[in-house]
Visitor: 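Take this structure, written in structure tokens, and hold onto it; I'll ask about it next.
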Protein chains: 2
Amino acid sequence: MTSKATSIDIAYRAGVSQSTVSRALRNSPLVNLETRQRIQVIAKELNYKVDKNASNLRMQNSQTIALLICEDPTNDDSMINPFFLSMLGSITRATAQQGYDLLVSFQQLSSDWHADYEDSNKADGIILLGYGDYVDYAHKLDKLIEQSTHFVIWGAEHNNKAVLSIGCDNHQGGFIATEHLLKLGRKQIAFLGDSSSRSPEFRDRYLGHIDALIKLAINVDKQLQYDAINTEASGYEAANELLDKGVAFDAIFTASDLIAIGAIRALKQRGVLVPEQVAVVGYDDIPIASFANPALTTVKQDTRFAGEILVESVLKLIRGQEVSPRLIQTNLVIRHSCGATTDNS
Amino acid sequence: MTSKATSIDIAYRAGVSQSTVSRALRNSPLVNLETRQRIQVIAKELNYKVDKNASNLRMQNSQTIALLICEDPTNDDSMINPFFLSMLGSITRATAQQGYDLLVSFQQLSSDWHADYEDSNKADGIILLGYGDYVDYAHKLDKLIEQSTHFVIWGAEHNNKAVLSIGCDNHQGGFIATEHLLKLGRKQIAFLGDSSSRSPEFRDRYLGHIDALIKLAINVDKQLQYDAINTEASGYEAANELLDKGVAFDAIFTASDLIAIGAIRALKQRGVLVPEQVAVVGYDDIPIASFANPALTTVKQDTRFAGEILVESVLKLIRGQEVSPRLIQTNLVIRHSCGATTDNS
DNA sequence: CTGAAAGCGCTTACAG
DNA sequence: CTGAAAGCGCTTACAG
């Protein structure tokens with residue numbers, strides 16, 4: 001293979017100047033339609049592609065956006081949170097659709113965000129995908145703001161108003177889950193999941209749950225909340241503690257599917273029938289959810305839509321357009337674990 | 001925020017020439033240690049980062065590699081094959097470790113590979129992650145070769161010797177799965193999975209399975225092979241067909257975990273005890289596997305290692321070093337579905 | 001050990 | 001409608 005064709009090569013063959021080639025390839029109306037087409041044909045023949053480095057250097061942008069995944073520290077290193085993975089897929093798609101490239105990186109490996117990305121002109125904007133309160137990242141966030149980097153974070157509204165956040169409405173999600181359970185006649189609903197401010201997502205789900213109870217005039221029993229982090233093991237443990245305590249309950253709403261799956265394992269092991277004796281509703285609708293036994297009723301976050309909004313938002317930021325934080329509504333996926341359907345296949 | 005600092009700014013402050021700054025930042029021994037350090041301090045103060053576009057343009061490389069995911073056409077559009085997702089994670093890590101960036105793209109969205117990547121100087125090399133025989137991509141593969149693009153594909157050895165492939169040893173994986181089942185005393189082992197050449201991975205797993213049977217002098221019963229594609233539904237269906245047929249079997253080895261999970265659902269529904277009556281072994285060790293009920297015994301492909309090898313291989317290609325195709329050994333993850341352990345939690 | 005200069009391949013005012 | 005020229009921010013022979 002001979003070395004890559006440049007616009008000069010094309011200019012030579014087309015018998016025009018390099019500037020004209022450049023214009024023609026960008027389809028500028030300035031250049032005569034006929035010459036334009038002739039140039040484009042030659043370009044195709046030579047398999048010519050604009051050199052992005054040169055073009056970006058000149059235009060001072062990169063047409064790529066960076067996705068920084070701040071992995072959930074509660075997960076073991078080898079496995080990415082399944083919800084993130086799903087977001088990754090939708091963000092990749094949305095980015096491509098907008099004609100941008102996506103640079104992916106995991107946070108633990110790089111300690112200097114702005115450095116690695118926008119400052120080195122590799123990305124025009126950044127999407128931060130994390131779980132939790134971003135407290136560990138606060139300092140870096142500040143740095144990003146200070147440098148007026150274009151970035152958007154996934155999650156609950158941030159206390160720093162300069163940070164643009166896009167997230168699913170966890171409060172609403174918690175509300176509909178519990179409301180559903182109440183409508184099915186369940187009265188004592190336990191909540192498994194950290195309710196501290198360290199986990200804003202979980203806390204908001206908890207708060208939504210509480211609001212549903214209050215709205216339906218059910219007493220809130222603090223005894224029915226158990227902390228759990230986002231793992232199967234933690235759900236298993238929390239459910240066992242709940243069982244050991246001896247408090248009566250006929251349903252469990254968990255802050256994540258992983259917790260729900262662990263809880264179901266504990267219930268089954270103790271001979272508790274799901275959903276007959278205890279209904280279970282999870283959160284996230286990760287792929288595993290539909291394969292659980294019984295199949296898990298869960299709150300689904302629309303990752304496809306979320307990815308689109310996320311990408312659209314950074315792009316707006318980059319273009320200097322108006323953007324505001326956004327909460328995406330969730331919806332309930334009803335399967336068998338809540339007892340709403342009788343067919344328990 | 002003032003505009004980004006350049007090497008000229010640093011040169012000005014350090015009272016040296018821009019060339020010296022460039023050398024100092026690359027830690028060239030040519031420049032006096034003291035000046036070098038002084039310059040580096042200033043660079044840090046100014047939060048300076050080398051402009052990648054300029055640097056890449058000048059050096060004629062991009063320090064990034066592109067990952068093209070050719071999605072399994074049997075999966076529905078919204079969900080990526082979990083095995084790929086896991087590979088994506090490990091490739092991301094491996095790439096970062098080598099100081100390269102990773103550009104991710106899904107195949108359906110872009111029809112012109114070489115165009116979008118190497119030719120436009122955005123990536124120095126390409127990793128193709130696909131499932132199957134790459135027949136649909138043969139034409140494009142040819143184009144890549146023709147353009148002497150640096151690329152490596154995931155999967156079985158390709159019939160075109162010019163293509164460098166890295167993959168797990170599916171034959172060996174099939175072998176150890178069946179061998180394990182035989183050692184546990186199972187005699188009639190069904191195989192669920194396409195055994196045609198359209199699915200070279202599945203076919204090799206099947207062949208390994210057959211070899212294990214032959215080695216242990218068990219008759220091969222063609223009746224015990226059922227086609228299935230890589231979905232839960234397909235596994236469910238195949239297991240039902242098997243059950244309907246009325247042939248006796250005491251174990252099932254499936255070409256993927258998704259198939260295994262569907263098969264287990266069918267077995268349970270028909271009242272067949274797993275693993276007591278029928279042992280099941282899957283393939284992939286996707287996250288769901290450990291949550292299945294019973295927890296799935298499966299053949300694990302070491303994705304972390306595979307990702308490293310993949311990245312290492314493209315890099316070698318890029319550097320013009322010697323590389324050869326590679327088969328990575330798999331290993332068995334023994335859980336409950338094969339009946340090897342009695343504790344069925 | 002350091003500087004002046006060329007050049008990577010584009011895009012885009014500027015002039016015609 | 002087209003061309004000559006500048007310049008994006010680097011890296012690296014070349015000369016000293």
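What you see is a predicted model, and the numbers here were worked out from it, not measured in a lab. In what follows, chains are A, B, ... by sequence order, proteins preceding strands, each numbered from 1.
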Visitor: Scan every strand shown for a Watson-Crick or G-U wobble partner of dA4(D), both distances under 3.5 Å, and answer none if you come up empty.
Guide: none
Visitor: Between Asn61(B) (CG) and dC10(D) (P), how many Å, whole number?
Guide: 16 Å
Visitor: In whole Å, I'd like the distance from the CG atom of Asp51(B) to the P atom of dC8(D).
Guide: 11 Å
Visitor: How would you label the contact of Arg23(A) with the nucleic acid (heavy atoms, under 4.0 Å): base, sugar-phosphate, or nothing?
Guide: base
Visitor: Ignoring backbone atoms, test whether Thr20(A) places a side-chain nitrogen or oxygen under 4.0 Å from the OP1 or OP2 oxygen of dT2(D).
Guide: no
Visitor: Let me confirm one number: the CG-CD1 distance from Leu67(B) to Ile127(B), rounded to the nearest 0.5 Å.
Guide: 6.0 Å
Visitor: Using the P atoms only, state how far dA13(D) lies from dG9(D), rounded to an integer number of Å.
Guide: 23 Å
Visitor: If you assign Ser19(B) and Leu57(B) each to the DNA chain D nucleotide with the nearest heavy atom, which residue ends up on the more 5' nucleotide?
Guide: Leu57(B)
Visitor: Mind calculating the distance between CZ (Arg26(A)) and C1' (dC10(C)) to the nearest angstrom?
Guide: 9 Å
Visitor: Is a side-chain N or O of Asn56(B) found less than 3.5 angstrom from the main chain of Asn53(A), in a donor-acceptor match?
Guide: no
Visitor: With a 4.0 Å cut-off on heavy atoms, is Thr6(A) in touch with a base, just the backbone sugar-phosphate, or nothing at all?
Guide: sugar-phosphate
Visitor: How far does the P atom of dC14(D) sit from the matching atom of dC10(D), given to the nearest Å?
Guide: 23 Å
Visitor: Can you check whether Ser17(A) has a side-chain N or O nearer than 4.0 Å to OP1 or OP2 of dA4(D)?
Guide: no
Visitor: Whole angstroms only, please: what is the CD-P distance between Gln60(A) and dG9(C)?
Guide: 18 Å
Visitor: Check whether any side-chain nitrogen or oxygen of Ser55(B) sits under 4.0 Å from OP1 or OP2 of dC10(D), and answer yes or no.
Guide: no
Visitor: Over how many whole Å does the gap from Leu30(B) atom CG to dC14(D) atom C1' extend?
Guide: 13 Å
Visitor: Just by distance, do the side chain of Ser90(A) and the backbone of Thr303(A) share a donor-acceptor pair under 3.5 Å?
Guide: yes
Visitor: Given atom CD of Gln18(B) and atom P of dT12(D), what is their separation to the nearest angstrom?
Guide: 12 Å
Visitor: Out of dC10(C), dT2(C), dC10(D), which has the shortest distance to the side chain of Ser22(A)?
Guide: dC10(C)
Visitor: Does the Gln40(B) side chain pair with the main chain of Ala24(B), one donor and one acceptor, at a distance under 3.5 Å?
Guide: yes
Visitor: About how many Å separate CG of Leu128(A) and CD1 of Ile153(A), when rounded to the nearest 0.5 Å?
Guide: 6.5 Å
Visitor: So, is Thr35(B) close to the dT2(C) phosphate, meaning a side-chain N or O under 4.0 Å from OP1 or OP2?
Guide: yes
Visitor: Give me the distance, rounded to whole Å, that separates dA6(D) from dT2(D) when you measure between the P atoms they each carry.
Guide: 23 Å
